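Have a look at the structure below, then the notes.
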There are 2 protein chains.
Amino acid sequence: MSATTEHGRTRRRPPGRPRGQDSAIVRDQALRTAVDLIAHQGFAATSMAQVAEGAGISPSGLAHHFPSKRDLLTAVLAHRDAVDSDPRPPEGSAPWASFDHLVRVAGLNMGRRQIVLLYVTVTGEATQADHPAHGWMVEHFENVMQTLRSGLIADQANGDVREDAPVESIARETVALMDGLQLQWLIDPTVDMAAILAGHVDRLKAAWGTPATTS
Amino acid sequence: MSATTEHGRTRRRPPGRPRGQDSAIVRDQALRTAVDLIAHQGFAATSMAQVAEGAGISPSGLAHHFPSKRDLLTAVLAHRDAVDSDPRPPEGSAPWASFDHLVRVAGLNMGRRQIVLLYVTVTGEATQADHPAHGWMVEHFENVMQTLRSGLIADQANGDVREDAPVESIARETVALMDGLQLQWLIDPTVDMAAILAGHVDRLKAAWGTPATTS
DNA sequence: GTCTATATCTCGATAGAC
DNA sequence: GTCTATCGAGATATAGAC
């Protein structure tokens, strides 16, 4: 209220925006820096000052784009999900499609250490309910589990997977295997995540696939 | 040298130690507090002041027992290893003994959330080479892997496991599965780690056990 | 929209009294 | 062996200049 500005504000919107970088670029650079630092040090050990320095701006400049550290984490996780959402297998495709897809993702991940590092680091500290990334973590697992579950159930409906296959356990252990492999791969890059996961999926097919469609 | 105390030091070793708590008790209490806090918050997010407060002493009192934060972490990890070293399976026992043992440990772990929490939290942040617990983590995986490897090789020598079984991959994926299951169990206690791991081991036996000894 | 400056707090570690 | 006192560094966050 009381917008009685005495002299009519001569400087109103400089036309053309000379070389402003538009703030979207600066924000993106800060985000990339945050991804890198949180991946390597974890969320708790990463400071806003470090991110600001890495992005080439001041802590206050960073605070303009991300008012709190938690806001920054939220953006980082959203970024990860966007990158990680690989070409999804088409609906109603071959049997075990969602499992084969996971093997493919494991192979991709062996070429992008930072994404794996970020995932392992954040999930390791977000198991507690009061961690700022806990909600994201729960949702992430629910999404992955649902994908595998529904894939298996569809395969059962098509007669490609035995009806007595323990859908929940199979999905659960496959997700667990992939997570554990990432942990080991980080400290020993010679671990072939894709090959080991592929072997596991092959064994699943042999155990629960119907004889007609087992390759 | 030069033990020329002027007046013969009347107070020399009070007999009986009235109620000193002997420092070992205080140290142990601080250690337990540290285990709990690091398990829940991670090492980076846990402060010496928090540990001191939880143990009922001042930060300086804590510093007497653990001069640096890293010393505290070392003691915490040693404590975990001591607790986690469960009844080892006797040498030269039944086939797949080391794998069955792992299933048993998984069942035990479902009754001690704190140990699992500590393990997952620390391994999550110790993947980087410069983390104070990185050396411990590498050694831990090497120990577990070696146990499973040597168990499988002994089984092969006894004719209980097929000669063409991929020892390294089998050991690797079993460890990975157990680690991943702990992560999921922490955010969803209904996950039956022991049952899923047992199903995995059964499938391993069916795939790589020799026909004669496959149950 | 980014800056300088500051407020308020907590960190790990050390020195010295008792 | 535990305390009080204090150090220097670095944390998040806010206020206001330009």
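Below, read A as the first sequence line, B as the second, and so on, with proteins coming before strands; counting in each chain starts at 1. These numbers were taken from a predicted model, which means no experiment stands behind them.
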With side-chain contact (heavy atoms from CB on, under 4.5 Å) as the test, would you mind laying out the steps for B/L183 and A/M137 before giving the verdict? CA-CA 10 Å; B/L183 194 63; A/M137 182 176 173; 3.8 Å; yes

No-H, no-angle donor-acceptor pair, B/S60 side chain to C/dT14 base, under 3.5 Å: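 Side chain to base: pair found, below 3.5 Å.
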
Salt bridge B/D155-B/K205, side-chain N to carboxylate O under 4.0 Å: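 Salt bridge absent between B/D155 and B/K205.
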
What is the distance from [atom1] of [X] to [atom2] of [N], rounded to the nearest Å?
X: A/E53; N: C/dC3; atom1: CD; atom2: P; value: 13 Å
X: B/L72; N: C/dA13; atom1: CG; atom2: P; value: 10 Å
X: B/K69; N: D/dA9; atom1: NZ; atom2: C1'; value: 15 Å
X: A/D71; N: D/dA13; atom1: CG; atom2: C1'; value: 12 Å
X: B/D28; N: D/dG1; atom1: CG; atom2: P; value: 16 Å
X: A/M48; N: C/dC9; atom1: CE; atom2: C1'; value: 17 Å
X: B/H65; N: D/dT2; atom1: NE2; atom2: C1'; value: 8 Å
X: A/L62; N: C/dC3; atom1: CG; atom2: C1'; value: 13 Å

Relative to each other, are the rings of B/Y119 and B/F141 parallel, tilted or perpendicular (30° and 60° limits)?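 Judged by the thresholds at 30° and 60°, the geometry between B/Y119 and B/F141 is tilted.
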
Please classify the nucleic acid contact of A/S58 as base, sugar-phosphate, or nothing, using heavy-atom distances under 4.0 Å.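 It contacts base atoms.
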
Counting side-chain heavy atoms from CB outward, which of [options] is closest to [X]?
X: A/Q50; options: C/dT2, D/dA11, D/dC3; answer: D/dA11
X: A/S47; options: D/dT2, C/dT2, D/dA11; answer: D/dA11
X: B/S68; options: D/dT12, C/dC3, C/dA13; answer: C/dA13

Could you go step by step and tell me if B/R32 and B/Q29 meet the side chain to side chain donor-acceptor pair (under 3.5 Å) rule? CA-CA 5 Å; B/R32 291 177 185 278; B/Q29 193 166 2; over 6 Å; no

Carefully, step by step, assess B/W136 and B/D81 under the rule side chain to side chain donor-acceptor pair (under 3.5 Å). CA-CA 10 Å; B/W136 169 85; B/D81 287 339; 3.0 Å; yes

A/H64 side-chain N/O to C/dC3 phosphate OP1/OP2 under 4.0 Å: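 Result: no.
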
